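Bear in mind that the values here come from a model prediction, so they are computed numbers and not experimental data.
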Amino acid sequence: MNDWQRKSPLDWETYVNKMVKVAAIEKHEYEGWVLTVDPISASVVLATFLENEKVSISVVLGHAIQDVEVLKEGDDEMKQRLSCIFAPEESKAYSPEEEEKRKNALKTWLETNHIPVTEQGESGRTLCVAGVLTIDPPYGPEECSSSNEIILSRVQGLIQGYLEKQQ
């Protein structure tokens with residue numbers, strides 16, 4: 001186990017949103033903005049911004065890391081840019097009011113079709129179908145999550161059909 005792997009998650013968290021240079025085995029070097037560090041494998045996820053607003057994502061495996069050097073601190077603008085990399089496009093397009101309207105419309109439609117649905121979480125933003133599937137904002141088929149693949153597939157199909165009828 002190397003020094004990097006011996007660090008704690010709190011130590012790794014200090015590298016998030018910073019430009020770093022990672023020295024890895026066999027004299028490989030990687031540069032990029034740290035999106036996250038996996039607490040199990042100590043692997044670092046780096047983002048590099050290319051032209052045309054495209055982003056390149058690299059993962060440096062924890063066991064291969066020999067040294068991590070901070071090159072630059074991220075400002076608020078960079079932190080915002082990094083936080084949006086994996087956000088679905090649709091979620092950027094809806095205001096809180098529109099999101100609430102979409103949630104209520106989907107919930108009503110599911111209940112009308114005799115599908116048991118409840119609201120979960122502190123703010124009630126997540127819909128829970130039959131206690132085995134969750135739907136997060138903006139309440140499309142891609143935001144469905146369940147360990148039961150059959151239920152997941154069927155509910156995604158229902159939501160897709162519902163959304164197509166709405167348009």
Side-chain angles (χ1 to χ4, degrees), residues 1-96 99 102-103 120-157 159-160 163:
M1 190 179 281
N2 62 35
D3 289 343
W4 176 256
Q5 290 175 298
R6 285 190 190 91
K7 290 183 182 284
S8 75
L10 291 175
D11 294 329
W12 292 323
E13 188 178 29
T14 63
Y15 291 89
V16 174
N17 295 326
K18 294 181 181 172
M19 170 68 89
V20 298
K21 181 189 287 186
V22 179
I25 57 175
E26 296 184 14
K27 298 183 180 170
H28 290 284
E29 286 191 347
Y30 304 90
E31 278 189 27
W33 293 93
V34 178
L35 284 173
T36 190
V37 179
D38 176 48
I40 305 299
S41 67
S43 299
V44 178
V45 180
L46 299 174
T48 309
F49 293 98
L50 310 171
E51 64 275 348
N52 303 358
E53 291 297 310
K54 295 208 183 288
V55 180
S56 172
I57 303 295
S58 306
V59 177
V60 183
L61 301 179
H63 71 273
I65 296 172
Q66 293 179 325
D67 186 47
V68 178
E69 175 188 348
V70 175
L71 302 176
K72 186 177 173 186
E73 297 282 329
D75 57 10
D76 289 339
E77 182 184 333
M78 182 53 70
K79 288 176 186 174
Q80 178 64 34
R81 214 170 152 192
L82 291 168
S83 71
C84 292
I85 288 177
F86 291 115
E89 288 299 317
E90 304 87 43
S91 69
K92 299 173 190 169
Y94 298 110
S95 69
E99 207 172 81
R102 285 176 62 92
K103 179 187 78 172
Q120 277 188 338
E122 264 182 47
S123 58
R125 293 181 66 211
T126 300
L127 293 177
C128 181
V129 176
V132 296
L133 180 137
T134 58
I135 310 168
D136 293 313
Y139 309 103
E142 302 82 25
E143 288 76 41
C144 293
S145 175
S146 176
S147 59
N148 185 320
E149 290 184 32
I150 294 169
I151 291 174
L152 178 63
S153 174
R154 291 193 178 157
V155 172
Q156 284 177 319
I159 293 172
Q160 186 65 43
L163 291 174

Enter the distance from [X]:[atom1] to [Y]:[atom2] here, rounded to the nearest 0.5 Å.
X      : Y      : atom1 : atom2 : answer
Leu152 : Ser147 : CG    : OG    : 9.5 Å
Asp136 : Glu142 : CG    : CD    : 12.0 Å
Cys144 : Gln160 : SG    : CD    : 10.0 Å
Gln66  : Lys27  : CD    : NZ    : 10.0 Å

Below 4.5 Å, heavy atoms only, C-beta onward: do [X] and [Y] meet side chain to side chain?
X      : Y      : answer
Pro137 : Lys103 : no
Leu127 : Glu143 : no
Val34  : Leu46  : yes
Ile151 : Leu133 : yes

- prompt: What class does the angle between the rings of Trp4 and Tyr15 fall in, given that below 30° is parallel, 30 to 60° is tilted and above 60° is perpendicular?
  reply: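 Correct class here is perpendicular.
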Checking the side chain of [X] only, and the main-chain atoms of [Y] only, is there a donor and an acceptor separated by less than 3.5 Å?
X      : Y      : answer
Gln80  : Glu77  : no
Thr14  : Asp11  : yes
Gln120 : Thr126 : no
Asn2   : Asp67  : no

- prompt: Would the number of heavy atoms belonging to other residues, nucleotides or ligands and lying under 6.0 Å from CD of Glu69 be above 12?
  reply: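 Yes, enclosed.
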- prompt: Should the heavy atoms of other residues, nucleotides or ligands under 6.0 Å from CG of Leu50 be counted, would the total exceed 12?
  reply: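 Above 12, so yes.
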